[in-house]
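This report concerns only the one structure given below.
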Amino acid sequence: MEIKLKTLISIFFLFLIAYFIFKINNILTPFALAFFIVYLLDPLISGAEKYKIPRSVSIISIFLFITAFIVGLFLLLTPLIYNELSAFAKDVPYYIDRLSFLINNVQSHFGVDISTDRIKDLIASKTGEITNVAYKALGKITYSLKSIITTIVLYSIVPILIFYFAKDYKYVTESVIKTIEENSNFNVRKYLSEFDEILSSYFRGQIIVALILGVLYSIVLLIVDLKPALIVGLSAGVLSIIPYLGFVVGFATSLVLAYLQYFDIWHPLFVVIGFTVVQIIESNYITPKIVGNKLGLHPTAVIFSLLAGGSLLGIAGMIFSLPIAAAIKIWLNKIISSLKS
């Protein structure tokens, strides 16, 4: 089998680029995050450009609007979340008593020895190991503080990167497309719309759906009078960016809290009904309206891609994993369609 020298050189450079990416993965995250934000905001910037508004002006305007929105949201939610946390902290001893009562019931029903004395004896036997772990943890505090300072400095350049990426996004993408088309027979534009459709379906659509779910989950938990409703509801909504994770975490946490707070069957039942109603609304109305019939990635593909990307390159890998998964899906669809024809 003949292999051209050009092909060997291309493969060598691909491996070299991959190795370089692995070596700089610690500083790659701010660039990946900035590019991800620019991708989300580009339709707004390009839309403003149609009305003869310069990209620089529209970028700064969007920055100011988003900053004002985040500050306003922070000022609105912070007192509410603080009150929830304060009330929840006061009730913690009460929940511990409830939990101890449950443990005693389990112990008497199943004959399992999980008494307080047994737990104390277990901890006492592990004192040496616990001390050793604590000593190692203290030794890492200085390193952790250095890492935190480095991270803050590193992420402080994200707004600057966003500005320059957004300013030159259109020019850079066009240059890349032209370069690929001029040096190969691959028609990039033919597949670019499908690629953008898949990413839009997940990134833009799923983020909007997750925000709506956070609001709906919070409303359900406020109606049930669960504490802390906003923290659990909004967290479940944010985690919904990863398929089913937000529902599972929010539902399980809400069930446990509902039972510990009221010690009856009705409040957990209200949680079940509320989360079920939200899921019905989401699957039948919210997602179809926002995401529509766009060709998206299967939830298992999304979860695998995020886990694989995170394992390889951390947060940057998680950001890049979905575009790569989308490209692989298009490539596989192309192969399947060529086999059928």
Side-chain angles (χ1 to χ4, degrees), residues 17 20-21 24-78 149-183 187-212 238 241 290-292 294 309 313-324 326-327:
I17 291 168
F20 179 71
I21 288 171
I24 64 165
N25 70 83
N26 290 331
I27 64 169
L28 197 62
T29 301
F31 290 86
L33 186 61
F35 191 81
F36 166 67
I37 294 171
V38 169
Y39 175 77
L40 294 178
L41 296 179
D42 185 66
L44 291 175
I45 299 169
S46 298
E49 201 173 15
K50 292 178 182 178
Y51 294 97
K52 307 299 181 183
I53 300 174
R55 289 184 73 87
S56 300
V57 174
S58 58
I59 293 165
I60 294 170
S61 302
I62 291 170
F63 254 120
L64 292 174
F65 175 79
I66 292 174
T67 303
F69 177 77
I70 291 173
V71 170
L73 199 64
F74 179 79
L75 293 174
L76 177 67
L77 292 179
T78 299
I149 294 170
T150 304
T151 302
I152 292 171
V153 172
L154 197 60
Y155 280 88
S156 64
I157 66 169
V158 169
I160 300 170
L161 293 173
I162 290 172
F163 177 81
Y164 284 109
F165 281 168
K167 186 173 177 291
D168 298 325
Y169 180 82
K170 194 173 179 181
Y171 169 75
V172 171
T173 51
E174 282 294 324
S175 299
V176 171
I177 291 169
K178 282 184 179 179
T179 303
I180 294 172
E181 288 181 341
E182 287 173 0
N183 291 277
N187 189 355
V188 180
R189 297 181 194 277
K190 181 180 177 182
Y191 299 98
L192 195 61
S193 60
E194 185 179 353
F195 179 79
D196 184 62
E197 192 175 21
I198 292 174
L199 292 187
S200 297
S201 171
Y202 186 80
F203 281 140
R204 299 190 184 106
Q206 194 71 15
I207 288 172
I208 295 170
V209 169
L211 292 174
I212 295 172
V238 171
I241 293 175
I290 294 174
V291 178
K294 293 178 182 178
L313 294 172
I315 297 174
M318 295 178 76
I319 294 172
F320 285 131
S321 62
L322 292 175
I324 293 170

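The side-chain hydrogen bond (donor to acceptor under 3.5 Å, both in side chains) analysis of residues 52-65, with sequence neighbours excluded, yields the pairs Asp42-Arg55, Glu49-Arg55.
Contact of the Phe165 side chain with the Phe31 side chain is registered, since non-hydrogen atoms from C-beta on lie closer than 4.5 Å. Between Phe35 and Leu161 the shortest side-chain heavy-atom distance does not fall below 4.5 Å.
Shortest non-hydrogen contact noted between Ala166 and Ile45 is CB-CD1, 3.8 Å. Nearest heavy-atom pair across Phe163 and Phe63 is N-CE1, 4.4 Å.
Rounded to the nearest 0.5 angstrom, Leu73 CG and Ile66 CD1 are separated by 13.0 Å. The distance from atom CD1 of Ile53 to atom CD1 of Ile59, rounded to the nearest 0.5 Å, is 12.0 Å. Taking CG from Leu41 and CD1 from Ile162, the interatomic distance works out to 7.5 Å, rounded to the nearest 0.5 Å.
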